[in-house]
Amino acid sequence: MREKILHLLKKYPQEHVSGEKLSEQLGVSRTAIWKHINALREEGYNIESIPRKGYILRESPDILTAVEIQGELHTSLLGKKIMHFDSIGSTNDKAKDLALQGAEEGTVIIAEEQIKGRGRRGSQWVSPKGKGIWMSIILRPDVLPKNAPKFTLLSAVAVAQAIREVTALPVQIKWPNDIIYQNKKVCGILTEMSAEMDFINYIVVGMGININESIKDFPEEIQGKATSLREIKGENISRQRLVRSILENLEKFYLEFVKEQNFQKVLELWKSMSGILGKEVRAMGNNDVIQGIAVDINQEGALIIKEDNGKIHEITFGEVSLRGVNGY
Ligand code: BTX
């Protein structure tokens, strides 16, 4: 009901909509309308009411509900269904549950806060309430499972591109799953997959983006390596605009890849936004450490590192750090 009231108020942005009209159109009493309006005010909506004229929506809060995101979202697949939670364990866990139950491709799970946000290999992802974007997207690409690493690259390019479009900040991508600004982490991406030998059941792309945190919102142990767009830019950033831009960019690159088998554009953008190509890096795999210059990424999304002795390595997973920079 609240969503329906909002839709109507948004439909007439310049006019007062009378309680009578709302109650007629929605088939509930005027008292019920008044209660819902008050609940919306508690969510942060600034709704003015003038006796005998009605209600007018003056300002909406920067919350990431379906009504707010979908209003101006230009996609055909991603975000047609958006599930919003005030608080959740992990949006990736929720997305995986829903994918198992048959949720449609393109379903988006967003939370204002995560209590058990996850990074890779069981690490924790700090997700304070109302400050960042904690979002997971369900994909069901009809490609072979060996293509999975490409979806991490593709998502990193989409997020970096969206951040650049919305904030004009020249953020960079650090292989394989981070977006950084001056060597501090703005965003991490966690891609998880369920697959058989020759087909993918689903992929969940989870992204955590630090938007309006101040440095004190992060625990001390990550204050040296984490930052937010607001810290960098010195002003609040619209989370709604950024979510829309991410979904639009991701859809474009995703469809280009799965429908037209075109991954070239993503690779080129990835390289142009890379924060590590040409630099000296240290890559940590399961047992070994490789040190050298990050020279390229290949068609499969692997990072190519050249050691001092000329030996070439293809790295497909693991942690990469830029040598000499904060150890990160
Ligand atoms: P990662 O394993 O590359 O990075 C995790 C590490 O990053 C942590 O060990 C910690 O040092 C640091 N860290 C934790 N929180 C933050 C933060 N807010 N900003 C910067 N650094 C941080 C990266 O994993 C993948 C993260 C994906 C998070 C999304 S949020 C939506 C979805 N749901 C979920 O549970 N995870 C994903």
Side-chain angles (χ1 to χ4, degrees), residues 64-84 91-92 94-96 98-99 102-111 132-145 147-167 171 173 176-179 186-195 199-209 211 229 237-273 301:
L64 303 177
T65 51
V67 198
E68 292 302 331
I69 304 294
Q70 283 167 340
E72 290 163 57
L73 180 66
H74 305 294
T75 57
S76 58
L77 178 69
L78 304 190
K80 290 284 136 192
K81 175 151 195 199
I82 296 180
M83 298 177 70
H84 172 260
T91 56
N92 260 39
K94 185 75 189 173
K96 280 162 56 179
L98 291 168
E104 281 162 66
E105 170 161 75
T107 302
V108 171
I109 323 297
I110 308 186
I133 295 174
W134 327 121
M135 163 164 92
S136 302
I137 300 152
I138 299 172
L139 301 173
R140 297 187 184 277
D142 187 11
V143 299
L144 291 173
N147 286 292
K150 290 183 182 157
F151 293 97
T152 301
L153 296 194
L154 201 141
S155 309
V157 167
V159 176
Q161 185 84 343
I163 295 177
R164 285 178 174 215
E165 279 169 20
V166 171
T167 66
V171 290
I173 305 173
N177 66 332
D178 293 339
I179 311 288
V186 171
C187 161
I189 297 172
L190 179 66
T191 314
E192 298 184 281
M193 171 171 80
S194 153
F199 75 94
I200 294 176
N201 291 324
Y202 65 79
I203 288 182
V204 166
V205 179
M207 39 189 82
I209 309 162
I211 315 280
L229 296 177
I237 308 290
S238 160
R239 294 184 306 152
Q240 291 167 358
R241 271 187 68 202
L242 195 50
V243 166
R244 282 195 282 268
S245 180
I246 290 170
L247 294 177
E248 287 163 7
N249 274 292
L250 184 59
E251 174 167 302
K252 187 174 68 193
F253 298 130
Y254 177 70
L255 292 180
E256 254 170 31
F257 174 48
V258 295
K259 298 259 183 281
E260 297 161 30
Q261 279 77 50
N262 181 0
F263 196 60
Q264 207 49 41
K265 176 92 175 291
V266 168
L267 278 178
E268 277 162 23
L269 278 167
W270 194 95
K271 288 181 196 180
S272 76
M273 295 195 275

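Atom CG of Leu139 and atom OG of Ser155 lie 7.0 Å apart (nearest 0.5 Å). Distance NZ/Lys150 to CD1/Ile203: 11.5 Å, rounded to 0.5 Å. Between the CZ atom in Arg239 and the CD atom in Glu68 there is a gap of 11.0 Å [rounded to 0.5 Å]. Atom CG of Asp142 sits about 9.0 Å away from atom CD1 of Ile200, to the nearest 0.5 Å. Note that OG1 of Thr167 is 7.5 Å distant from CG of Leu242, once rounded to the nearest 0.5 Å. Note that the CE atom of Met83 and the CD1 atom of Ile138 stand 8.5 Å from one another [nearest 0.5 Å].
In terms of heavy-atom proximity, Val159 sits nearest to Cys187 at CG1-SG, 4.0 Å. Here the shortest heavy-atom pairing between Ala148 and Met193 reads CB-SD, 3.6 Å. Between Leu73 and Gly79, the shortest heavy-atom contact is CD2-O, 3.9 Å. Ile237 and Leu229 make their closest contact through CG1-CB, 3.9 Å (heavy atoms, listed as atom of the first residue, atom of the second, distance). In this structure, Thr91 and Trp134 approach most closely via the heavy-atom pair CG2-O, 3.6 Å.
Within 6.0 Å of the CZ atom in Arg241, the count of heavy atoms belonging to other residues, nucleotides or ligands does not exceed 12.
No donor-acceptor distance shorter than 3.5 angstrom exists from the side chain of Arg140 to the backbone of Glu104, with no hydrogens or angles considered. Judged by distance alone, with hydrogens and angles left aside, the side-chain atoms of Thr107 form no donor-acceptor pair with the main-chain N or O of Ala103 at under 3.5 Å. In terms of modelled atom types and a separation under 3.5 Å, the side chain of Asn177 and the main chain of Ile189 share a donor-acceptor contact. Between the side chain of Ser136 and the backbone N or O of Gly206 there is no donor-acceptor pair closer than 3.5 Å.
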>> Set out, in order, the CA-CA distance, both residues' side-chain angles and the distance that settles side-chain contact (heavy atoms from CB on, under 4.5 Å) for Leu269 and Gln161, then state yes or no.
In response: CA-CA 9 Å; Leu269 278 167; Gln161 185 84 343; 4.0 Å; yes
> Please walk me through it: do Ile209 and Ile163 pass side-chain contact (heavy atoms from CB on, under 4.5 Å)?
Replying inline: CA-CA 10 Å; Ile209 309 162; Ile163 295 177; 4.2 Å; yes
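Trp270 has its side chain within reach of Ile173: a pair of non-hydrogen atoms, C-beta onward, lies under 4.5 Å apart. At least one side-chain heavy atom of Val204 sits less than 4.5 Å from a side-chain heavy atom of Tyr202. Side-chain contact check for Pro145 versus Phe199: every heavy-atom pair is 4.5 Å or farther apart. Residues Leu64 and Gln240 meet the side-chain proximity criterion, which asks for heavy atoms closer than 4.5 Å. Using a 4.5 Å heavy-atom cutoff, the side chains of Gln70 and Ile82 are in contact. Between Val157 and Leu154 there is no side-chain heavy-atom pair separated by less than 4.5 Å. The shortest side-chain heavy-atom distance between Val108 and Lys81 does not fall under the 4.5 Å cut-off.
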If you look only at distance, which donor and acceptor atoms sit under 3.5 Å apart when one is on a side chain in residues 246-263 and the other is two or more places apart or in another chain?
from	atom 1	to	atom 2	distance (Å)
Glu248	OE2	His74	N	2.9
Asn249	OD1	Lys252	NZ	3.4
Asn249	ND2	Glu165	OE1	3.4
Asn249	ND2	Ser245	O	3.0
Asn249	ND2	Ser245	OG	3.4
Glu251	OE1	Ser76	N	3.2
Glu251	OE1	Leu77	N	2.8
Glu251	OE1	Leu78	N	2.9
Glu251	OE2	Ser76	N	2.7
Glu251	OE2	Ser76	OG	3.0
Tyr254	OH	Glu105	OE2	2.5
Gln261	NE2	Val258	O	3.3
Asn262	OD1	Gln264	N	3.0

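Residues passing the salt bridge (Lys or Arg N to Asp or Glu O under 4.0 Å) test with Lys96 are Glu192, sequence neighbours excluded.
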